[in-house]
Amino acid sequence: MATEITWLGHGCWSIVTGGHRILLDPFLNDSPTAPIKADQAEADYILISHGHFDHVADAVSIAKRTDATVVAVFEICEWLGKQGIEKTEPMNTGGGIELPFGHVKMTPAHHSSVLPDGTYAGNPVGYLLTIEGRRIYFACDTALFLDMRLIGAAGLDLAVLPIGDRYTMGPDDAIEATKLLQPKRVAPAHYNTWPPIAQDAKAWADRTRAHTAAEPVVLEPGESITL
Ligand SMILES: [Zn+2]
């Protein structure tokens, strides 16, 4: 069964596999690059990496409309409960759970995390998904860290890394991360949403091809990778 992974701009991704629809970090209505609006998004599960507005902005409205279950750290699930979202899967860094579409593991991320209303949001995370035997790593918002070597140790079919710099790792550190993770394919995210995180993804891709064994895949918002 093929898994289709679509970039919805910034840190937002849609994953469709075996009839399951998963949405990561829904930020659509206020995103200058999102190809759809929140009321067009479909989801059975919503994964959230941390509490910043550019990752949770549309989570509550989409969860309410679609009745999706939201996966997030414990503290964000508590906050979602207060917004009227009852279907959550609270987790924390290092933990994994089995869901109908596959296995979800929360990985560390070096960033900060607070919800839009100032509520403490626990630690930021990334996600390692195992779907139909394929392993997909979303680093989400993070700096480079050496333990990425452990995340990639069992083999990755795809790694999604931020390249925007300023708030997350930039292109240079994304290339170092690719060396540690050793994925078959690597896709950039969290760039070109606004001028402060503008990057030349083609230049990053050329350098990734020259310095790593991974195949870089640069998408436009709305485009997909099929695994
Ligand atoms: Zn962000």
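Each ligand, and each atom within it, is numbered from 1 in the order the structure gives.
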Can a salt bridge be assigned to the pair Asp39 and Arg65 using a cut-off of 4.0 Å between side-chain N and carboxylate O?
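Salt bridge between Asp39 and Arg65, a charged N being under 4.0 Å from a carboxylate O: no.
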Is the shortest distance from a Lys or Arg side-chain nitrogen in Lys184 or Asp157 to a carboxylate oxygen in the other one below 4.0 Å?
yes
For [X], what is the atom name of its N, O or S atom nearest to the Zn ion (ligand 1)?
| X | answer |
| --- | --- |
| His190 | NE2 |
| Asp54 | OD2 |
| Asp141 | OD2 |

Just to verify, which of His190, His110, His55 counts as forming a ring pair (Phe, Tyr, Trp, His ring centres under 6.0 Å) with His50?
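Exactly one pass, corresponding to His55.
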Take Thr212 and Thr178 through the side-chain hydrogen bond (donor to acceptor under 3.5 Å, both in side chains) test and state the conclusion after the steps.
CA-CA 7 Å; Thr212 79; Thr178 303; 5.5 Å; no
Within 2.8 Å of the Zn ion (ligand 1), is there any N, O or S atom belonging to His50?
no
